[in-house]
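Here is the structure we will look at, set down as structure tokens.
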Amino acid sequence: MAGNCWLSLVSYFISILAGYSFGEILDGHYEILAAHEKGVFSNVIRAKDFKARPGDPEEVAIKNIRNNDMMYKAGTEELVILKKLVSADPEDKRHCVTVRLVSSFKYRNHLCLVFESLCMNLRDLQKKFGRNIGLNLDVVRLYAKQLFRCFEASKELWLLGLPYDHSLDIWSVGCCLFGLYAGKVLFPGRSNNEMLASSYGTERSISEEDA
């Protein structure tokens, strides 16, 4: 049993790395240490910056955007938004950016966004303190205030061909807050189609008039 669990863990990490190797050097100075998360739109890799400048983190989290036109465009727009948020609050007084953007680069035709590496993300927080029961409402309110300062476009709705505007931001924040309070994902799915099917089943089918 232990052997099977180990093989499953190794297979999981390999799938996250998606062709990358432990110890591989990205962009000339980021050495891959471990795999963080695998998502529908991107994978996250933990790495060490052995050329970090004073004030920059030595350990970083690299968001590796999927290599297709739609995801590259989405990643590019995300990068533009992040840079605007940083420039609007350079001293981080309002905490407009929940996690600090360090740099970006392109590697093997993948757009890579480099962030400071935090000990825990919202998903890990939910698993540790609110699995199946959710977080305390006061805690959710604190996260809500910060999330509304740093809207992130919902890529799920881009699949429908809808133009980007603040309504997508509200949708994204709403989905995040539901997950934190309820202790589960609002529209779960391992692929774009599964997430869309989940949302259709919860609400209603999209009519020709909506489309």
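When reading the values below, keep in mind they use all heavy atoms of this one structure, side chains included, and skip hydrogens, waters and symmetry mates.
- Residue Lys106 holds its NZ atom at 10.5 Å from SG of Cys112, rounded to the nearest 0.5 Å.
- Lys63 NZ to Leu101 CG: the interatomic distance, rounded to the nearest 0.5 Å, is 10.5 Å.
- Both Val173 and Leu180 belong to a common hydrophobic cluster when Ile, Leu, Val, Met, Phe, Trp and Tyr are linked at side-chain heavy-atom distances under 4.5 angstrom.
- Within the 3.5 Å criterion, the main-chain N or O of Ile65 finds a donor-acceptor partner in the side chain of His110.
- Scanning both residues, His29 and Ile25, for their nearest heavy atoms gives N-CG2, 3.6 Å.
- Taking CG from Leu142 and CG from Leu137, the interatomic distance works out to 10.0 Å, rounded to the nearest 0.5 Å.
- Contact detail for Leu26 and Tyr107: the closest heavy-atom pair is CD2-CE2, 3.2 Å.
- Contact of the Asp27 side chain with the Ile62 side chain is not registered, since no non-hydrogen atoms from C-beta on lie closer than 4.5 Å.
- Criterion: ILVMFWY side-chain heavy atoms under 4.5 Å apart, direct or through other members. Under it, Tyr72 and Val80 are not part of a common hydrophobic cluster.
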Please set out all donor-acceptor pairs under 3.5 angstrom arising from side-chain atoms of residues 51-58, sequence neighbours excluded.
{"residue": "Arg53", "atom": "NE", "partner": "Asp56", "partner atom": "OD2", "Å": "3.2"}
{"residue": "Arg53", "atom": "NH2", "partner": "Asp56", "partner atom": "OD2", "Å": "3.4"}
{"residue": "Asp56", "atom": "OD1", "partner": "Arg100", "partner atom": "NH2", "Å": "2.9"}

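- Grouping the Ile, Leu, Val, Met, Phe, Trp and Tyr side chains by contacts below 4.5 angstrom, directly or via other members, places Ile45 with Phe22.
- Nearest heavy-atom pair, Asn109 versus Asn67, reported as atom, atom and distance to 0.1 Å: O-OD1, 3.1 Å.
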Working for side chain to side chain contact (heavy atoms under 4.5 Å, CB included), residues Glu24 and Glu31: CA-CA 6 Å; Glu24 183 174 351; Glu31 179 183 358; over 6 Å; no
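- Atom CG of residue Asn64 and atom CZ of residue Arg108 lie 9.5 Å apart, to the nearest 0.5 angstrom.
- Under the ring pair (Phe, Tyr, Trp, His ring centres under 6.0 Å) criterion, Phe105 pairs with Tyr30, not counting sequence neighbours.
- Heavy-atom neighbours of Asp138 CG from other residues, nucleotides or ligands within 6.0 Å: above the threshold of 12.
- Across all non-hydrogen atoms, the minimal contact from Glu116 to Val102 is N-CG2, 3.7 Å.
- Under the 4.5 Å side-chain heavy-atom criterion for grouping Ile, Leu, Val, Met, Phe, Trp and Tyr, Val185 is not connected to Leu135 through any hydrophobic cluster.
- The minimum heavy-atom distance linking Thr76 with Leu111 is given by the pair N-CD2, 3.5 Å.
- In the hydrophobic clustering of ILVMFWY residues, with side-chain heavy atoms under 4.5 Å counting as a link, Val140 and Ile170 come out together.
- Residues Glu59 and Leu33 form a side-chain contact, since some pair of their non-hydrogen atoms from C-beta on lies under 4.5 Å apart.
- Minimum heavy-atom separation, Ser117 to Val60: CB-C, 3.7 Å.
- Between Trp171 and Phe187, the ring planes lie parallel to each other; the angle is under 30°, not in the 30° to 60° tilted range.
- Tyr181 and Gln126 are not linked by any side-chain donor-acceptor pair at a separation below 3.5 angstrom, with hydrogens and angles left out of the test.
- In this structure Ile133 satisfies the side-chain contact (heavy atoms from CB on, under 4.5 Å) test with no other residue, sequence neighbours excluded.
- Side-chain contact check for Leu113 versus Phe115: some heavy-atom pair is nearer than 4.5 Å.
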